[in-house]
Amino acid sequence: MADVRDILDIERAQGTEVTKEAIVGADKKKKLFGATKSAPKRPEGMAREVYALLYNDKNDAPPLFPTDAGQGYKNMKANLGMKKVRPWKWMPFTNPARTDNAVFHHWRRVCDEAKEYPFARFNKKVQIPVYTDAEYNLHLQHDNWTNAETDHLFDLARRFDLRFVVMADRWDRSKFDPRSIEDLKERYYSIVTTLSKLKTGPGFPPEAKNYHFDAEHERRRKEQLERLYSRTKEQVEEEMMLQNELRKIEARKKERDRKTQDLQKLISAADSQSEPKKTERKFTRKKLPPQTRPKVDNLSGELSGIKFPDMKGSGVTLRSQRMKLPANIGQKKTKAIEQLLNEFNIDNNPVPTEEICQHFNELRSDLLLLHELKIAMSNCEFELQSLRHQYEAADPGKTLVIPKGLFNESSSTPVITTASTVNQKTDADVAGPSTSQQCSSTML
């Protein structure tokens, strides 16, 4: 009777709702004390994972089709005893996206009758700017476009939400000259850019003031794409052959560079072995404690910055790859460059435009050169200080005078020392020719 009342939409008395216990009955089964359920035994030779897929805890057979109950192979039990279902009603509705006031009907819950159509939130309209005749006569006139053509363009933009492909298809060629998609885009965005500089409002985003549509670039891009698509099989094979030849040429060039570097290393090693070793004079007056001196780089070599790859190979490349540091830059130099960029409040990964890529690479190259010069300067200062201390220890009471112009302004230690202003009364037997020659060679 309760089902009949629900079908006929007749209210029923309180307390007459159907419950699960009324249909199924109360669970009167009681577990016997000490009774245990024996677990099924896994057959011999069957893996544990395979056996777990066959049966569950209740030894139920696996289902014949996948279930979406979220409980594995367990059967979903009927959820009985729920309250009265919510009524549905066949009601009319209107779509706010339509302008013809069309009325449609669908099933909907009675409680949602006064709510708005749920799909109305997907109705997004593009804000198209509006101009007056005075603004057009003062700022928007063009030699190749008339006022009627411009009005027709903005009317199509409002009707088709800036879908320029559809706008070019619906262009009225009976009244106006044929226009391409690039012409429509160029005219539309030039008007939007001009109006955004004159006034603000809907349809004028902040970036519209500096936006410029390059129609010639777009035409060339499509032309190149058409040429690429219309290539013949022979042209594709010729291009692949040229790419393979280019790879071979680059490989031979790298091999020649490697052999040149190896030969240069051998020549440098032979020159260093042929030079006579300088014998240092031992002084018996005072023994100097051994000093740990850092390794001095070869200052005679020319310091250079970072050599970034040319990226002239065929195929598609990203501008961000141009800002990638080469593999020969060590971890210490990379950290030094990042530290200097942070000191100058410069982003380590800027937007990779054409100008930013070039200037950012030049900046990092200069920063690396500055870092290497600082290291070379500190090493030279340490060497010169050591030579000065050796000279003063060898000749007690005599001081090596250093001109003020050779001091480093940022520190108290001198940048370059010289032996030209030594006291003229220096004893030749004490000072020795080797010390003065060593200082002079260090100065050079």
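The structure displayed is predicted, hence computed values, not measured ones. Residue numbers count from 1 along this sequence.
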Electrostatic pair [X]:[Y] at N-O distance under 4.0 angstrom:
X	Y	value
Arg258	Asp262	yes
Glu218	Arg221	yes
Lys222	Glu182	yes
Arg219	Glu223	no
Asp257	Lys254	no

Non-hydrogen atoms of [X] and [Y] that approach each other most closely:
X	Y	result
Ile181	Ala168	CG1-CB, 3.7 Å
Met323	Pro352	CE-CB, 3.7 Å
Ala394	Pro396	O-CD, 3.4 Å
Arg364	Lys324	NH2-N, 4.3 Å
Leu367	Leu341	CD1-CD2, 3.6 Å
Glu116	Pro96	OE2-CG, 4.1 Å

Are the side chains of [X] and [Y] in touch, meaning some heavy atoms are under 4.5 Å apart?
X	Y	value
Ser378	Glu383	no
Thr193	His212	no
Val192	Phe213	no
Ser365	Glu362	no
Arg231	Arg227	no
Leu156	Val166	no
Ile337	His371	no
Tyr136	Ile191	no

What's the spacing between [X] [atom1] and [Y] [atom2] if we round to 0.5 Å?
X	Y	atom1	atom2	result
Leu368	Leu340	CG	CG	9.5 Å
Gln385	Leu387	CD	CG	9.5 Å
Leu266	Gln261	CG	CD	12.0 Å
Thr232	Glu237	OG1	CD	8.5 Å
Lys124	Phe122	NZ	CZ	9.0 Å
Asn361	His359	CG	NE2	10.5 Å

Are Asp183 and Tyr188 linked by a side-chain donor-acceptor pair shorter than 3.5 Å? no
Donor-acceptor pair between Asn244 and Arg247 side chains, under 3.5 angstrom: yes
From CA spacing to verdict: salt bridge (Lys or Arg N to Asp or Glu O under 4.0 Å), Arg158, Asp155: CA-CA 5 Å; Arg158 295 185 188 93; Asp155 180 61; 5.2 Å; no
Derivation and outcome, side-chain contact (heavy atoms from CB on, under 4.5 Å), residues Lys333 and Glu372: CA-CA 9 Å; Lys333 292 182 180 180; Glu372 292 178 351; 3.2 Å; yes
Applying side-chain hydrogen bond (donor to acceptor under 3.5 Å, both in side chains) as the test, list every pair that has at least one member in residues 336-348; sequence neighbours left out. none
Within 6.0 Å of [atom1] in [X], more than 12 heavy atoms from elsewhere:
X	atom1	result
His217	NE2	no
Glu255	CD	yes
Asn328	CG	yes
Arg170	CZ	no
Phe176	CZ	yes

Show me the donor-acceptor pairs within less than 3.5 Å that the side chains of residues 139-147 make with the rest of the protein, sequence neighbours left out.
| unit_1 | atom_1 | unit_2 | atom_2 | d |
| --- | --- | --- | --- | --- |
| Gln141 | NE2 | Asn137 | O | 3.4 |
| His142 | ND1 | Asn144 | N | 3.0 |
| Thr146 | OG1 | Glu149 | N | 3.3 |

side-chain contact (heavy atoms from CB on, under 4.5 Å), paired with Glu135, selected from Leu195, Val130, Leu198: Leu195
Check the orientation of Phe93 and Tyr117. Use parallel for under 30°, tilted for 30 to 60°, and perpendicular for over 60°. parallel
Please name all residues satisfying ring-ring contact (aromatic ring centres under 6.0 Å, His included) with Phe360, sequence neighbours left out, ordered by chain then number. none
Please check: side-chain N/O of [X] versus main-chain N/O of [Y], any donor-acceptor pairing under 3.5 Å?
X	Y	result
Arg163	Phe160	yes
Asp177	Arg173	no
Arg42	Met46	yes

Check against side-chain contact (heavy atoms from CB on, under 4.5 Å), Val165 and Asp169: CA-CA 6 Å; Val165 178; Asp169 181 69; over 6 Å; no
Should Leu184 and Trp171 be marked as a side-chain contact (heavy atoms from CB on, under 4.5 Å) after you check the CA-CA gap, both sets of side-chain angles, and the distance that decides it? CA-CA 10 Å; Leu184 301 181; Trp171 182 260; 3.8 Å; yes
Please walk me through it: do Val236 and Glu238 pass side-chain contact (heavy atoms from CB on, under 4.5 Å)? CA-CA 5 Å; Val236 175; Glu238 182 181 0; over 6 Å; no
